[in-house]
2 protein chains.
Amino acid sequence: MSRSRSQLRLIDVAEQAGVSLATASRALAGREGVSEAVADRVRQVSRDLGYVANPHARQLAGGATSTVGLIVHQIDDLYFSEIASGMIQLAGERGLMVQICHSGRDPDAELAQIRHLSAQRVGVIIVAGSGYTDPGTEAMARAALLAFQERGGRVAVIGRHALNVDAVLPDNRDGGRAITEHLLALGHRRIAVVAGPEELTTVADRLAGAAEALAVHGLSLDRLPVAYADFTCPGGREAAARILRERSTPTAIIALNDAMAIGVLSALRAQRVRVPDEISVVGFNDVSIAQDLAPSLTTVRLPLAEMGRQALAMALKPRSARPRKRATGHHLIVRDSTASVS
Amino acid sequence: MSRSRSQLRLIDVAEQAGVSLATASRALAGREGVSEAVADRVRQVSRDLGYVANPHARQLAGGATSTVGLIVHQIDDLYFSEIASGMIQLAGERGLMVQICHSGRDPDAELAQIRHLSAQRVGVIIVAGSGYTDPGTEAMARAALLAFQERGGRVAVIGRHALNVDAVLPDNRDGGRAITEHLLALGHRRIAVVAGPEELTTVADRLAGAAEALAVHGLSLDRLPVAYADFTCPGGREAAARILRERSTPTAIIALNDAMAIGVLSALRAQRVRVPDEISVVGFNDVSIAQDLAPSLTTVRLPLAEMGRQALAMALKPRSARPRKRATGHHLIVRDSTASVS
DNA sequence: ATGAAAGCGCTAACAA
DNA sequence: TTGTTAGCGCTTTCAT
C-alpha cells in the first residue's frame, strides 16, 4: 500500500559520488561534458548501489524511451513468436523492453494499436503483420505513424506495406517462385494453391511469385484451383477439404504459409491421402516445427528470428532521409513432403 | 527531431471543459469530489478531443501504472505463446500493455528480469515459467518479488508454489497420473519417460503423478528408463534417441511436454519406428498443433490461454491477505499416438 | 465541489 | 568541466 521509499534515485547516486545531479545524469547517459575520471566514479557508484533509472521520469523529462511496441497478428502463431523472440533478444542486449499487441489481422484494430502505442509514448513501433493490398486500408495507419515519427518516434515494419517507413522485406515473391519451380521440376502440373486472404500483401506476393514460375510452363493461376481461407492452420484444413471435394484432385498443393500447410497435411491425413505419394505439399516460412512434422515439410525458409532483430535494429538507427528497405533472402528447404509425380 | 507539441495534455481538456486541472484529473480517474454534471462534461470533452493520458507522467505522479511484465522461458514455445496470447487479450480489454521478457530457463536471468521489471516500475509482474525444486534458487526470486510487492506492485505466477504469491497451478501431478493411467490401461508396462531438467517443478510434479499411477501396478520410475534433456523439441529428439539405444525398447514413451513429444515422434520416425503400432507416445499441455501432428498426439490438456488470463486477472484483483491459489484442472485427450499393447 | 500548488525523478538549458 | 534550475504532465494534498 504505502509506497515505501527504498527505490534508489539518481540524486542518491550523485550524493554518493559527490557530484551534482546533472553530472551524474551526464555520466550515466554517456553524454559528453564530464571528465573520464568523474564519469567512471559515478558509474562505479551506480553499479555498486544497483541503481536503475526510472524510465517514466526519464521519458517525461524528454530523454530516451526504453520501450518498443510490437504489433503482431497473434503471438501464438510461430511465424510471429519466432520474430518476436529474435526481437526480444536484441532488445534485451540494448536494455529495452518489448510490448506486444495483437491486431488480429484486422486493419482497424491495428490502427487502434498504433494509436495506443503512440499515446503511450513508446520510443519505437514495429508492425510485424502483413500489409494490405488495398491502398486505402493503410492510409490511416500511415498518418498515425507519421504523426508518431514527427514526435520523434521510430518505426519499422516487416512485410510490404504502403506505410513509407523502414522495412524488412521477406522474399515472398522469389520464395513463391522457388517453391513452385521445385514442384514443377518434380513434374507436377495439376497444382492447387491454399492461400490466406487476398488482401494481404504477403499472400499477393507469394501468389505472384508462384504465377511467374507457372507461366514458364504455360500454366496460370486462373486455371488452377486456388482456395482462400484464414491464414492459419484451421484455415488450411478447411481450404484443403474444399480442394479435395473438386472433381480433379491435384498432385501437389502449395500452402502459402506453414500454418496452413500443417492444416493441409492434417486434412489429407483425415482423408487417407498419402503425402507425398499421392499429393505433394509445400509450405512457406520454415517455422521450427516444420522439420518435425510427418512428413517433414518442404518449405521456404525465412530467417524469422533474424527478421525480428533486423527490424528493431533498423528502427534503432538514426532516422534516414528516405525509408530503408532490407530484403531477407530465402532458402528452399526440401524435405519429405514432396516427391516427383509418379 | 523537434518534438512538436501536438500531443494533447490534461490541461487542454481541462481548459476546454472550463474546469481546473485537479477537477479534470478527478473526473477522468472516476474519483469522487466532482459533481456528476461536471464529470460528464469533462469525460465528453476528453472523448471528443481524443485525449489519452501520458502514462509516464501518471506513474511518476504516483498514479496507477498500465503495464504488466510477463516473464517466460522463451516466447517461441507454444506453451508460452498461448499463455501470452490469453494474457494479452485480457490486458487489451483492460487497457493494459504486456511487456515480455525471456528468462531462457536460467534462474539468474529470471531474477535479473524480475529486478529489471521492478526497476522499470511496471504495475504487475507475472512469472510464467516453471519453478525450481531447489529452495535456494527460488529464495532470491521470492525476495525480489516481495520487495516489488512492498512498493505496491502486484504479482502472480503460473506453476510455482514456493514463491508465496498468487498462483495459477497447472494440474501437473494429476495430469501426470492420468496420462500414465491411460497407458497402463492400454496394457503398457515397459514405459520410458522423456523428461525436462529435474530441477524444474513442472517436471518433478508430472513425474510424481506418473510415479503414483505406476505404483498401483507395482512399477517404479527407478526401474524404468527416464531420459532427461532440454524441455524442448530438440531435447525430446535427443532423449528418445538415447532410449532407443538401450537394449530393451519400451512399448510406450511419456514425454513430459508436447514439445518433447514432437521431438520424440520425430526421432522415432527417423528410426522407422511406427507410432502407435510399435511404440505409443504421449505428451502434456495440448498445444494447438498437437491435434495436427501425424499421428495426432494423445496428451493432457491444460487451458493455456485461459491460464494466462487467470494469472493476470488474479494480479489485478485487490491484494488478499494470503496468497490465492487456483488450480487449472486438466483433461486427458486421447488421440492417435496411443494404442493398446499388442 | 472546486481550485491552487507542491512535487514525482529525471533531462536539458543556462550559469559559473 | 561542473552545478543550478526550470520544467515534462500528471496526481494529490491543502485551501477555499
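Letters A, B, ... mirror the listed sequences (proteins, then strands); counts begin at 1.
- Between A:R121 atom CZ and D:dG9 atom P the separation is 8 Å, expressed in whole Å.
- Residue A:S35 places its side chain closer to D:dT2 than to any other of C:dC10, D:dT2, D:dG9.
- Between B:R43 and B:D48 there is no salt bridge, since none of the side-chain N atoms of the basic residue sits less than 4.0 Å from a carboxylate O of the acidic one.
- Of the candidates C:dG7, C:dC10, D:dT2, C:dG7 carries the atom nearest the B:A61 side chain, counting heavy atoms from C-beta on.
- A donor-acceptor pair is defined here as one N or O able to donate and one able to accept, closer than 3.5 Å; no such pair exists between the side chain of B:D106 and the backbone of B:S103.
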Apply the test salt bridge (charged side-chain N to carboxylate O under 4.0 Å, His left out) to residues B:E36 and B:R41: give CA-CA distance (whole Å), side-chain angles for both, the deciding distance (0.1 Å), then the verdict. CA-CA 9 Å; B:E36 262 315 304; B:R41 184 152 39 89; over 6 Å; no
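- When rounded to the nearest whole Å, the span between CD of B:Q59 and P of C:dC8 equals 13 Å.
- A:L28 places a side-chain heavy atom less than 4.5 Å from the side chain of A:L10.
- For B:R9, taking side-chain heavy atoms from C-beta onward, the closest of the listed nucleotides D:dC10, C:dT11, D:dC8 is D:dC10.
- You'll find a donor-acceptor pair under 3.5 Å spanning the side chain of A:R26 and the base of D:dG3, going by distance alone.
- For B:L10, whose side chain is taken as the heavy atoms from C-beta onward, the closest listed nucleotide among C:dT11, D:dC10, C:dC10 is D:dC10.
- Distances from the side chain of A:V34 to the nucleotides D:dG9, D:dT2, C:dC10 place D:dT2 closest.
- At whole-Å resolution of the value, CD in A:E32 and P in C:dT11 are 16 Å apart.
- In this structure, A:D12 atom CG and C:dC8 atom P are separated by 12 Å, rounded to whole Å.
- Here A:Y51 reaches the OP1 or OP2 of C:dC10: one of its side-chain N or O atoms lies under 4.0 Å away.
- For the pair B:N54 CG and D:dC8 P, the interatomic distance rounds to 12 Å; values are reported in whole Å.
- Checked for salt-bridge contact, B:D166 and B:R154 meet the test: a charged N lies under 4.0 Å from a carboxylate O.
- In this structure, B:S25 reaches the D:dT11 phosphate: one of its side-chain N or O atoms is under 4.0 Å from OP1 or OP2.
- Residue A:T23 places at least one side-chain N or O closer than 4.0 Å to OP1 or OP2 of D:dG3.
- Closest to the side chain of B:A22, out of D:dC10, D:dT12, C:dC10, is D:dT12.
- For the pair A:L49 CG and C:dG9 C1', the computed distance is 16 Å after rounding to whole Å.
- Regarding B:L21, its CG atom lies at a distance of 10 Å from the C1' atom of C:dG3, rounded to whole Å.
- No contact: B:A29 has no heavy atom under 4.0 Å from any strand.
- Taking atom CD1 of B:I11 as the reference point, atom C1' of C:dA4 lies 11 Å away to the nearest angstrom.
- If you check C:dT11, C:dG9, D:dC10 against the side chain of A:R31, the one that comes closest is C:dT11.
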